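Nothing here was measured: the structure is a model prediction, and the numbers come from that model. These numbers come from the heavy atoms of this one structure, side chains and all, not from hydrogens, waters or symmetry mates.
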Amino acid sequence: MPSNQNLQGGKAFGLLKAQQREKLDEINKEFMEDQKYRDEEDLQEKLDSFKNKYAEFDLNDQGDIDMMGLKRMMEKLGVPKTHLEMKKMISEVTGGCSDTINYRDFVKMMLGKRSAVLKLVMMFEDKANEASGKPDGPPPKRDITTLP
């Protein structure tokens with residue numbers, strides 16, 4: 001598809017998301033080749049999971065999670081935070097040098113030994129989702145006699 005073609009709507013959005021995922025895949029590849037993370041268990045699966053989480057909360061589609069993206073993430077996880085708490089979380093992840101969380105910082109935080117608040121919340125969400133015990137498939141059929 002020629003890049004000078006004027007795309008609109010869903011096609012443009014789909015193309016943008018595909019380009020973002022390619023960039024995230026390139027960064028994941030760097031982490032796979034990095035000696036520091038070689039002995040990490042299930043590294044590829046973790047990186048894929050991080051990529052999907054990151055893409056979900058990158059609201060401005062610029063490749064960074066900003067304050068609003070972080071706010072949405074915390075609310076979705078059921079742990080709403082104040083503006084100051086979120087600023088502190090971003091500062092903790094980025095080392096105070098940015099107002100947004102880029103993907104490299106996000107992955108370093110998730111793979112790192114430090115227990116950043118955001119990392120703890122994300123890990124809690126994963127454990128909660130695994131232990132939810134929700135049945136797969138459609139609900140069982142019920143008749144009128146079983147209704148309350």
Side-chain angles (χ1 to χ4, degrees), residues 1-140:
M1 180 183 316
S3 61
N4 62 358
Q5 191 175 12
N6 198 3
L7 299 176
Q8 295 179 352
K11 288 185 180 182
F13 182 74
L15 185 60
L16 175 68
K17 283 295 183 186
Q19 289 170 347
Q20 287 176 340
R21 291 206 181 266
E22 285 176 21
K23 289 177 187 173
L24 297 181
D25 283 334
E26 288 173 18
I27 295 171
N28 280 353
K29 190 175 178 184
E30 291 173 19
F31 277 97
M32 290 294 293
E33 295 168 356
D34 191 341
Q35 294 293 332
K36 185 176 177 182
Y37 302 104
R38 285 281 164 136
D39 41 335
E40 186 75 33
E41 224 175 275
D42 301 325
L43 182 59
Q44 184 62 49
E45 290 82 21
K46 287 181 181 179
L47 290 174
D48 288 340
S49 169
F50 298 159
K51 179 179 75 171
N52 292 333
K53 286 270 189 234
Y54 190 84
E56 180 180 348
F57 294 109
D58 179 14
L59 298 181
N60 61 6
D61 294 324
Q62 298 295 318
D64 292 332
I65 294 178
D66 60 357
M67 187 71 70
M68 290 309 294
L70 184 61
K71 179 176 175 57
R72 180 173 171 232
M73 180 188 300
M74 294 292 107
E75 288 172 352
K76 188 173 180 183
L77 297 175
V79 192
K81 299 285 183 190
T82 65
H83 184 79
L84 290 175
E85 289 172 319
M86 288 188 296
K87 279 185 108 169
K88 183 179 178 187
M89 290 169 72
I90 290 174
S91 173
E92 187 177 333
V93 172
T94 63
C97 61
S98 177
D99 291 336
T100 60
I101 301 173
N102 66 33
Y103 185 63
R104 276 189 180 83
D105 289 338
F106 182 78
V107 172
K108 284 178 187 174
M109 173 202 59
M110 295 302 287
L111 292 176
K113 304 299 181 216
R114 288 187 56 223
S115 58
V117 175
L118 185 57
K119 177 181 177 179
L120 295 173
V121 171
M122 297 288 286
M123 288 173 31
F124 172 76
E125 181 208 31
D126 287 342
K127 285 188 173 84
N129 286 345
E130 289 172 8
S132 66
K134 290 183 181 176
D136 292 338

At what distance, to the nearest 0.5 angstrom, does [atom1] of [X] lie from [atom2] of [Y]?
X      : Y     : atom1 : atom2 : answer
Arg72  : Asp66 : CZ    : CG    : 11.5 Å
Met73  : Ile65 : CE    : CD1   : 4.0 Å
Glu85  : Lys71 : CD    : NZ    : 11.0 Å
Ile27  : Lys51 : CD1   : NZ    : 11.0 Å
Lys23  : Gln20 : NZ    : CD    : 7.0 Å
Asp105 : Ile90 : CG    : CD1   : 11.0 Å

Can you tell me which residue pairs pass the ring-ring contact (aromatic ring centres under 6.0 Å, His included) test with a partner in residues 65-105, sequence neighbours excluded? Tyr54-Tyr103
Could you check whether any side-chain heavy atom of [X] comes within less than 4.5 Å of a side-chain heavy atom of [Y], counting everything from C-beta outward?
X     : Y     : result
Met67 : Asp99 : no
Asp34 : Glu30 : no
Met89 : Met74 : yes

Note: Glu92-Lys88 ion pair, threshold 4.0 Å (strictly below): no
Test side chain to side chain donor-acceptor pair (under 3.5 Å) applied to Arg21 - qualifying residues, sequence neighbours left out: Asn52
In terms of heavy-atom contacts, Arg104 and Phe31 come closest through O-CZ, 3.9 Å
Which residue in the set Asn102, Ile101, Thr94 passes side chain to side chain contact (heavy atoms under 4.5 Å, CB included) when paired with Asp64? Asn102
